[in-house]
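Written out below as C-alpha cells is the structure these notes cover.
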Amino acid sequence: MTNDARPRPFRPRLGARLGYALHAGLAANPLYARLAAWLERRPRAYRAFTAAERVTKQELFGCRMCGQCALPATGYTCPMTCPKQLRNGPCGGVSPTGGCEVYPELTCVWVVAIERAEAAGHGTDLDLLHRPIDQRLREQSSWVNYWQGRDDDLWTSAPLLRRELGLQPVGKR
Amino acid sequence: MSLRAAFAAGRFAVTAEIGPPRGADPDAITRKAELLRGWVDAANVTDNQGAHVRMSSLAGSVLAMRAGVEPVMQLTCRDRNRIALQSDLVSAGALGIPNVLLLSGDHPRFGDHPDAAPVFDLDSTQLVATARTMRDEGVLASGREIGARPGWLVGAVENPFAPPRSFRARRLAKKVAAGAEFVQTQYVFDVEVFAAWLARLRDLGVTEKCKVLAGVGPIRSLRVCEFLRSGVPGIHVPDEAERRLRGVPAARVAEEGVSMCVETIQRVAAVPGVAGVHVMAFGYERGVPEILERAGIAPQPAVSMEGLGHAG
Ligand code: SF4
C-alpha cells in the first residue's frame, strides 16, 4: 500500500504553535496581495512559487495541494490527508486507540488535529463549519489564493449557522 | 405512524434497518419489510453498506414504501459527487421518500471493489447543509433554484464511542448547526458512555433541535461478539457485556444477547433527551417485534401512507 497515491493520515512535522506563529508572517496584507497578483500574471514564476509551496508543505504537513488551505483552523493538521478528506471532523470509524479506520496503523488526522489545536489554545476553531471545497483550485497555490482573498469564506465564524455553509459559489475568478 | 409524526407527538420513536440485496430481487426487501411492518415508525435502507455493491437505497426505499414500511433513505458521500448527491436527493423528494440519512460512508478499501475511486467530494456535514438548503431555501449548492422542493426530514449519524470522545458531542453539534433534524447513533452497548455523551448534547442545546435515536442490537453469538470487539471500526463492546455472554451455556447465548438488547433499550429510554431507538438486528429482522415487545414498546398503529399502496 505504500505506493498508493491516495490520501493517508499524516502527522505534521511542524509544531502547531510554530504554525500559528508562522501564519502571522504569511497573513494577508496589501504587499502579499500585490505579489500574488504579480505571480498570477507570470506563469513561470507562479509555477516555481507553487512548487516551492508544495515541497515545503508536503514535507511539513503532507499537503495534498487542495489550493484552499484549512491548516489555520485545524491545529495545522491537513484534513486532506484523511482518506475521506473530511473537513469537518473525524468519522465514526476511529479505533479505540485513535487509529484511522482506513489505515489502522496510522493515527486519525482529526485525533491529531484536535489534540494540537487544543494544546495550542485554539480548540474552539474545531467548531467552525467548513464549506465544500472548490475542486477547481486543486494544484493551485493556496498562499496565492489566500492572499487574493479567495479563502475569506472557507469556514464560518461562530455562532454556527447552517445557511452560511456551502451556499456561496466558490472562487471569484 | 411516521417518524415525523412520532417526533411531533413526542412519542418514543422506533427505527430499524433493511439491507438491500446484492441481486435484483425485489422480494428480498418486501420480506424484511413485512417482518417490521406495524412495529417500527421507519426503517433505514442502507446505501451499499460496507462499500459492497447492493441494490440502491433509492430503489430499496421505494420497495419498502410499497410494502408499507416508511423508509429512511441512507445516502453516502463515498460514491457520488455533489451533482449526483443532489440529484438523488431531488429524486427521493419526487418519489415521496419521507426521510433521508446523510453520512460519509465506509471507505471502499474494505469493500468488494477496493479498486474503486473514493469520491468524498462533500463530507457528511456539508451534505446535511446542502440538503437543508435545497429543502428550506429551494436552492442547490450552486445557488441555482430548484422548482418543487423535496419534503424529507434530514438525519445524520454519530458515534459517541469513537475517539476523541470529548469531541463527539461537538461533532454532532456541527451537524445540527448544518441542519440535521434527527440522529441515529452507533450501537450502544455501554450505556454510561452514551449517557455522558447525551448530557454534553443537552448542555450544548443540541437535543432541543435534534431528535436522538440510540442505536441498539442483539449480539446473538460469541463469534459475533468477538467480531464486533475486534473487527468492526467504531463499535465498542465493553468487557462486561462479553463476560455476560460467556457466562451462559452455549445454547443460551442467543437468548442472553436478546435479553441484553431489551435491557439496553429500557436503560437508554430512561436517559433524558432520548427520542427513540434505532434497532440494528443484522439478519435477525424476525426478532425485532419480540425485542420491542419485551422492552415494553407497543406496536406502532398502522398507518395508511398516502399513495403508497397497502399499509400494515
Ligand atoms: S493546502 Fe489543502 S492539502 Fe495543502 S496543507 Fe492546506 S488543507 Fe492540506
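Reminder, nothing fancy here: chain letters follow the sequence lines and each chain counts from 1. Just so it is clear, the model here is predicted, and its values are computed rather than measured.
If you take SG on B:C77 and CD on A:Q85, they are separated by 11.5 Å, rounding to the nearest 0.5 Å. To the nearest 0.5 Å, the span separating CG on A:L129 from CD on B:Q126 amounts to 9.0 Å.
Looking at A:V94 and B:R168, their side chains come closer than 4.5 Å, going by heavy atoms from C-beta outward. By the 4.5 Å heavy-atom criterion applied to side chains, A:P132 and B:R82 are counted as neighbours.
With a threshold of 4.5 angstrom between heavy atoms, B:D106 approaches chain A through its backbone and through its side chain. Heavy-atom distances place the backbone of A:P96, and not its side chain, under 4.5 Å from chain B. For B:R78, no part sits under 4.5 Å from any heavy atom of chain A, backbone or side chain. Contacts between A:L86 and chain B at a heavy-atom distance below 4.5 Å involve backbone atoms as well as side-chain atoms.
Looking only at distances, no side-chain donor or acceptor of A:R87 sits under 3.5 Å from a matching main-chain atom of B:L122. Formation of a donor-acceptor pair under 3.5 Å by the B:D123 side chain with backbone atoms of A:N88 is found in this model.
Around CD of B:E145, the count of heavy atoms belonging to other residues, nucleotides or ligands within 6.0 Å does not exceed 12. No more than 12 heavy atoms of other residues, nucleotides or ligands shown are found within 6.0 angstrom of CZ on A:R11. Residue-environment remark: CZ (A:R44) stays at or below the threshold of 12 foreign heavy atoms within 6.0 Å. By the neighbour-count criterion of 12 heavy atoms within 6.0 Å, atom CZ of B:R149 is densely surrounded, having more than that number from other residues, nucleotides or ligands. Counting heavy-atom neighbours within 6.0 Å of B:L222 CG, excluding the residue itself, gives a total above 12.
Annotation: residues 117-126 of chain A contacts chain B through A:E118, A:G123, A:T124, A:L126 [non-hydrogen atoms, separation under 4.5 Å].
Across A:Y103 and B:R109, no two heavy atoms sit closer than the pair CD2-NH1, 3.0 Å. B:F167 and A:G89 get closest at one heavy-atom pair: CE2-CA, 4.5 Å. Shortest non-hydrogen contact noted between B:R170 and A:D127 is NE-OD1, 3.0 Å. The minimum heavy-atom distance linking A:L128 with B:K174 is given by the pair O-NZ, 2.7 Å.
The candidate with the highest count of non-hydrogen atom pairs below 4.5 Å against chain B, out of A:G98, A:C91, A:P7, A:G92, is A:G92. The greatest number of non-hydrogen atom pairs below 4.5 Å with chain B, out of A:C108, A:P83, A:G99, is found for A:P83.
Residue pairs satisfying the side chain to side chain donor-acceptor pair (under 3.5 Å) criterion with at least one member in residues 179-203 of chain B, sequence neighbours excluded, are listed as follows: B:T15-B:Q184, B:N44-B:Q184, B:R135-B:E181, B:Q184-B:H278, B:D190-B:H236, B:E192-B:R267.
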